[in-house]
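Notes follow the structure.
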Amino acid sequence: MNIKKNIYSNKSSKAWENACLNLSENSYFSSYEMINYYSKYKNIKNISFAVYNDEGMCLALVPLAIFNKNLNFPNDPCPSMTVNKNLKESEKRKVYKFCLNEIYQIMKKKNLKTYYFFKHPFQNKIEKEFLILENISDLQKFSKLEKIVNTSIIDLKKDINQIFADMSKYHKKNISRSLKKNISFFRFDEFDKKKQNEIFSSFKKQHLINSGKKTRPNSTWLLMKNLLINNKAQLYFIEYNKKKISYLFVGYNDFFSFGWSQVNDKKFEKEIMPRHVLEWEAIKDLKKRGILYYDIGEIYDWHSENITDKQYSISSYKEKFGGTLYPKLYFKLKKNELKIF
């Protein structure tokens with residue numbers, strides 16, 4: 001089996017998307033849009049590539065970016081490479097070795113230090129609407145596992161009453177309490193273009209108010225807005241007495257969804273606790289859309305390192321929604337550790 005490399009920049013969004021599906025890669029994290037999103041940050045160089053055989057069959061996709069003399073994105077590792085799941089195991093290993101050798105050559109040429117990447121459960125197979133984790137540890141053979149973190153995933157195929165029953169008493173109580181207030185739940189796509197522009201601007205402004213500074217490039221906001229327009233994301237929000245007080249931006253494709261960005265007006269957090277009911281309304285809407293799973297986020301435990309009290313608090317909040325804990329694997333390779341391939 002001959003293998004050849006094709007540079008990412010030569011691929012259109014549609015071609016990359018089709019390659020993902022042909023690999024049985026249903027994840028949002030390796031999507032053209034997500035790679036472009038992270039590539040909008042300052043001092044990022046996107047060098048993602050694909051590999052094919054002589055017959056033009058896509059064998060693998062390798063999301064890759066250079067940042068601060070390493071191969072990773074600014075706030076996250078790269079999504080792991082995906083190898084065509086229809087290949088024989090011996091062929092998969094050959095493709096992995098080819099990709100890792102290409103990565104080594106890049107690191108050697110550009111004097112890079114470390115390749116940091118993760119494998120998410122959504123990067124595995126869907127069979128008969130079930131998430132199959134048989135490929136989750138493929139890269140353990142070729143890389144050094146740095147850590148495993150649980151991520152909480154809600155199975156939207158369950159009956160909605162069961163999903164609610166799986167939540168903690170604390171969350172159910174707060175949702176019921178919030179629903180008694182004068183709140184209204186909305187979606188971005190319910191409005192005309194003029195109103196959508198207003199909604200998105202207020203979402204962006206609330207982030208700026210809460211952080212007290214600009215935290216990322218305007219181009220990332222524009223990309224998120226385009227995802228909304230192209231039905232690859234949804235922005236949910238709550239109004240209290242006709243004032244917008246909470247927002248939840250969710251990315252999704254035909255199978256999976258994940259909480260991307262959330263922000264509240266802090267003045268109303270204790271009185272309304274809007275995030276609880278907003279998350280619940282979003283879960284119900286995603287289920288109605290036929291999406292199979294919702295990743296609510298990573299869960300940290302007592303042994304997690306370098307985690308702030310705020311991160312632990314957010315983690316506890318997410319876990320109380322009753323999702324199943326799946327493994328998210330983080331790998332790290334230094335340049336000299338790639339020589340063997």
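In what follows, residues are counted from 1 in the order of the sequence shown.
Rounding to the nearest 0.5 Å places CZ of Arg275 at 7.5 Å from CG of Asn264. From Ser304, atom OG reaches atom CD of Glu298 across 9.0 Å, with rounding to the nearest 0.5 Å.
Proximity of Trp16 to Ser31: side-chain heavy atoms (C-beta onward) are nowhere separated by under 4.5 Å. Here the side chains of Thr151 and Val149 are not in contact, with every heavy-atom distance at 4.5 Å or above. You'll find the side chain of Arg93 reaches within 4.5 Å of the side chain of Phe142, heavy atoms only. In this structure, the side chains of Lys45 and Ser39 stay at 4.5 Å or more apart for every pair of heavy atoms. Side-chain contact between Val277 and Lys181 is absent, with no heavy-atom pair separated by less than 4.5 Å. Residues Phe186 and Ile199 form no side-chain contact, since every pair of their non-hydrogen atoms from C-beta on lies 4.5 Å or further apart. Residues Phe255 and Leu131 are not in side-chain contact: their nearest non-hydrogen atoms beyond the backbone lie 4.5 Å or more apart.
Of the possible polar contacts, one joining the Glu91 side chain to the Lys88 backbone as a donor-acceptor pair under 3.5 Å is found. The main-chain N or O of Cys58 is never found under 3.5 Å from a side-chain atom of Asn53 such that the two would form a donor-acceptor pair. Without hydrogens or angle criteria, Gln123 side chain to His120 main chain gives a donor-acceptor distance under 3.5 Å. Not one N or O on the side chain of Glu279 forms a donor-acceptor pair closer than 3.5 Å with the backbone of His276.
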>> With side-chain contact (heavy atoms from CB on, under 4.5 Å) as the criterion, how do Glu146 and Phe331 come out once you've worked through the C-alpha distance, each side chain's angles and the decisive distance to 0.1 Å?
In response: CA-CA 5 Å; Glu146 187 191 41; Phe331 297 91; over 6 Å; no

>> With side-chain contact (heavy atoms from CB on, under 4.5 Å) as the criterion, how do Phe185 and Leu278 come out once you've worked through the C-alpha distance, each side chain's angles and the decisive distance to 0.1 Å?
In response: CA-CA 7 Å; Phe185 170 76; Leu278 181 56; 3.6 Å; yes

> What do the steps show when you test Lys92 against Glu89 for salt bridge (Lys or Arg N to Asp or Glu O under 4.0 Å), and what is the final call?
Replying inline: CA-CA 5 Å; Lys92 287 181 186 178; Glu89 291 303 316; 3.1 Å; yes

> After noting the C-alpha distance and the side-chain angles of Ile291 and Phe256, does the key distance pass the side-chain contact (heavy atoms from CB on, under 4.5 Å) rule?
Replying inline: CA-CA 6 Å; Ile291 294 167; Phe256 305 119; 5.5 Å; no

> For Gln311 and Asp309, what are the C-alpha separation, side-chain angles and deciding distance, and is it a side chain to side chain donor-acceptor pair (under 3.5 Å)?
Replying inline: CA-CA 5 Å; Gln311 286 174 306; Asp309 289 343; over 6 Å; no

> Which is it for Asp301 and Asn150 under the side-chain contact (heavy atoms from CB on, under 4.5 Å) test, yes or no, and what are the steps along the way?
Replying inline: CA-CA 9 Å; Asp301 293 296; Asn150 285 133; 4.2 Å; yes

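Among residues at least two apart or in separate chains, ring-ring contact (aromatic ring centres under 6.0 Å, His included) pairs with a member in residues 210-229 are Phe203-Trp221, His207-Trp221.
Counting only N and O atoms by type, the side chains of Gln206 and Asn210 include a donor and acceptor under 3.5 Å apart. For the residue pair Tyr247 / Ser202, a side-chain donor-acceptor distance below 3.5 Å is found, with atom types taken as modelled. Donor-acceptor pairing under 3.5 Å is lacking for the side chains of Gln140 and Asp138. Lys40 and Asn218 are not linked by any side-chain donor-acceptor pair at a separation below 3.5 angstrom, with hydrogens and angles left out of the test.
In this structure, the ring of Phe117 has its center less than 6.0 angstrom from the ring center of Tyr115.
Below 30°, between 30° and 60°, or above 60°: for Tyr28 and Trp260 the angle between ring planes is above 60°, a perpendicular geometry. Ring geometry for Phe258 against Phe29 counts as tilted: the plane angle lies between 30° and 60°, on a 0 to 90° scale.
One finds a salt bridge joining Lys157 and Asp155 here, because a Lys/Arg side-chain nitrogen approaches an Asp/Glu carboxylate oxygen to under 4.0 Å. Ion pairing between a basic and an acidic side chain is recognised when a charged N comes within 4.0 Å of a carboxylate O; Glu239 and Lys242 show no such pairing. Looking at Asp166 and Lys158, a side-chain N of the basic residue comes within less than 4.0 Å of a carboxylate O on the acidic one, giving a salt bridge. Here Lys243 pairs with Asp265 in a salt bridge; the nearest charged N to carboxylate O distance falls below 4.0 Å. The pair Glu269-Lys266 does not meet the salt-bridge criterion, since no charged nitrogen lies less than 4.0 angstrom from a carboxylate oxygen.
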Atom pairs and distances, donor-acceptor, side-chain atoms in residues 228-238, under 3.5 Å, two or more places apart:
unit_1, atom_1, unit_2, atom_2, d
Asn230, ND2, Asn226, O, 3.0
Asn231, OD1, Tyr252, OH, 2.7
Lys232, NZ, Glu17, OE1, 3.1
Lys232, NZ, Glu33, OE2, 2.6
Gln234, OE1, Phe188, N, 3.2
Gln234, NE2, Asp189, OD2, 3.0
Tyr236, OH, Asp285, OD2, 2.6

Distance-only donor-acceptor pairs under 3.5 Å for side chains of residues 59-73, two or more places apart:
unit_1, atom_1, unit_2, atom_2, d
Asn70, OD1, Thr114, N, 3.1
Asn70, ND2, Asn68, O, 3.1

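Residues meeting the salt bridge (Lys or Arg N to Asp or Glu O under 4.0 Å) test with Lys270, sequence neighbours left out: none. Contacts of Ser201 classified as side chain to side chain contact (heavy atoms under 4.5 Å, CB included), with partners at least two apart in sequence or in another chain: none. For Glu134, the salt bridge (Lys or Arg N to Asp or Glu O under 4.0 Å) criterion is met by Lys125, not counting sequence neighbours. Residues that satisfy the side chain to side chain contact (heavy atoms under 4.5 Å, CB included) test with Asn182, not counting sequence neighbours, are Tyr240, Asn241. Contacts of Lys320 classified as side chain to side chain contact (heavy atoms under 4.5 Å, CB included), with partners at least two apart in sequence or in another chain: Ser168, Tyr170, His171, Ser316. Under the salt bridge (Lys or Arg N to Asp or Glu O under 4.0 Å) criterion, Glu319 pairs with no residue at all, not counting sequence neighbours. For Tyr116, there are no ring pair (Phe, Tyr, Trp, His ring centres under 6.0 Å) partners two or more places apart in sequence or in a different chain. Residues forming a salt bridge (Lys or Arg N to Asp or Glu O under 4.0 Å) with Glu198 (at least two apart in sequence, or on another chain): Lys195, Lys244. Among residues two or more places apart in sequence or in another chain, the ring pair (Phe, Tyr, Trp, His ring centres under 6.0 Å) test is passed with Tyr104 by none.
No continuous path of hydrophobic side-chain contacts links Tyr41 to Leu222 [ILVMFWY only; heavy atoms under 4.5 Å].
Ala50 approaches Tyr52 most closely through the heavy-atom pair CB-CE1, 3.7 Å. Scanning both residues, Leu286 and Tyr294, for their nearest heavy atoms gives CD1-CD1, 3.8 Å. Between Gln262 and Ser246, the shortest heavy-atom contact is NE2-OG, 3.2 Å. Nearest heavy atoms, Leu156 versus Ser257: CD1-OG, 4.3 Å. In terms of heavy atoms, Pro327 sits closest to Ile136 at O-CD1, 3.9 Å. The heavy-atom pair separating Ser137 from Leu329 by the smallest distance is CA-CD2, 4.3 Å.
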